[in-house]
Amino acid sequence: MTNDKKLIIGLFGFGVVGEGIYRVLKQTPTLQAEIKKICIRHPEKKRNAPAELFTTDAELLLNDADINVIVELIDDSDAAWEIVSASLGSGKAVVSANKKMIAAHLAELLQLQLDNNTSLLYEAAVCGSIPVIRNLEEYYDNDMLNSVSGIINGSTNYILTRMNEDGMAYDEALKLAQQLGFAESDPTLDVLGTDAANKLAIILNHAYGIVSDPADIMCKGITQLHPADSVYAREKGYSIKLVARAQRVNHTDVAAYVLPTFVGPRSQLFNVRFEFNGVIIGTRLADEQFIYGKGAGRYPTSSAVLSDIAALRYGYKYEYKKSHTGVDYQVSDNHVLRLYVSCRDINDIVQDDFISIDETYSSQDRKYITGSISFDKLRNAAWLNNPDNSVIVFENPGVAEDHQLEELV
Ligand code: HSE
């Protein structure tokens, strides 16, 4: 696709982001991108756009030879896969924000793009408005990455901020996140950490060339957090954040998880509040860099979709450069975390699972242990899944052993 070619768009979905991009494109005529048809599931809903634009017939968009770009913004990941695979298969370029679908079908999507010499862009799928993927692909294509970690789910960050700063109850904060259009239509994806794990699976590919099954990424959300955990955090000067982390632990192994995390005031993540996301990129040469912005919501997400549409004007494709570095990175459980576990009954926690214990505390209502534990042990611990137990990891700078700058000289 070249600069002189007008982008004729078939849009799937007219929800929070779909309507957002429709409005934004109307206000960006210089882009020369026109929405020809919008496919929706519920024709009975009142829409803020001319009725003739809408259809419920997906084939009308998929078989329209004039439509050269499909923008897929629906929340049903199975239907999204059907749409996106059919579109790529017929040589149309695709912009998608569907992290669940992309994470689940990454290997097939890579192949479809190659086989059909077409482009799938999905900046909006990871951290809303923050250009994480494009940065990992283009800017950090040579400097070896030690870690990519951050707050990559806006809803949970919004809920935690409301609860900790305004004393709001969990249910009320979640309801607000839904009303504001931050949460998934199934909000359990947000609060259980699954949405962040899907995004982390995509990051793992663009940072390390790893194609992982998102279901294998260990994730704990915010539902098991207990009010006593906030008391502990306040006493120690921490903030509790849901952090996703990909961390190189040696030449080939990468730790990957989504866990509630104690973040100290010196961390860039400490002041990431509400629906904002923040990602710290740890590199071998540049040390740490931090990117920050709104991770959810109509217009922030639309901005990433708009940027992807604009990139199609000059035929932009991800090259998946990290898959061709010659280093075969893999996700590994072979690393150690510093952990806090709070519980109702200390006997629920198998203390022998820990490599070492730093502190134990017991009050009438709540007990806790802090210590070091191998990730492998933690992942397989039965007590981890007891809803009475809350697990929080200490933010771990865990520098890879071959990170030393001396190696460079
Ligand atoms: N539910 C997602 C979030 C939307 O809260 O981050 C943006 O991906």
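In each ligand, atom 1 is the first atom listed, and ligand 1 is the first ligand listed. Given the structure is predicted, the values throughout are model-derived calculations rather than measurements. Nothing fancy with the numbering, it's 1 onward along the sequence.
- Around CZ of F290, the count of heavy atoms belonging to other residues, nucleotides or ligands within 6.0 Å exceeds 12.
- One side chain, D253 or Q330, offers a donor N or O that lies under 3.5 Å from an acceptor on the other.
- Judged purely by atom type and a 3.5 angstrom limit, K37 uses its side chain to pair as donor or acceptor with the backbone of E52.
- Note on ligand 1: E275 sits outside its first shell, no heavy atom being nearer than 4.0 Å.
- Counting heavy atoms from C-beta on, the side chains of Y318 and L110 never come closer than 4.5 Å.
- Within the 3.5 Å criterion, the main-chain N or O of S87 finds a donor-acceptor partner in the side chain of S90.
- Residue-ligand proximity, D190 to ligand 1, at heavy-atom distances under 4.0 Å covers atoms 1 (N), 2 (C), 3 (C), 5 (O).
- At a heavy-atom distance under 4.0 Å, no atom of T301 approaches ligand 1.
- Considering backbone and side-chain N/O of A296, none are found under 3.5 Å from N/O of ligand 1.
- Between E138 and K321 there is a salt bridge, since a side-chain N of the basic residue sits under 4.0 Å from a carboxylate O of the acidic one.
- Counting non-hydrogen atoms of other residues, nucleotides and ligands closer than 6.0 Å to CG of D328 gives a total of 12 or fewer.
- Not a single N or O atom of A124, backbone or side chain, sits closer than 3.5 Å to an N or O atom of ligand 1.
- Taking a 4.0 Å cut-off on heavy atoms, G295 registers as neighbouring ligand 1.
- For H226 and Y232, the gap between ring centers reaches or exceeds 6.0 Å.
- Near K199, with a cut-off below 4.0 Å to any heavy atom, the atoms of ligand 1 are 2 (C), 3 (C), 6 (O), 7 (C), 8 (O).
- With a 4.0 Å heavy-atom cut-off, ligand 1 is reached by the backbone of N153 and by its side chain too.
- At the shortest separation from atom 6 (O) of ligand 1 among protein heavy atoms lies G154 N, 2.7 Å.
- Nearest protein heavy-atom neighbour of atom 5 (O) of ligand 1: S155 OG, 2.6 Å.
- For atom 8 (O) of ligand 1, the nearest non-hydrogen atom of the protein is K99 NZ, 2.6 Å.
- From the protein, the heavy atom lying nearest to atom 2 (C) of ligand 1 is E184 OE2, 3.1 Å.
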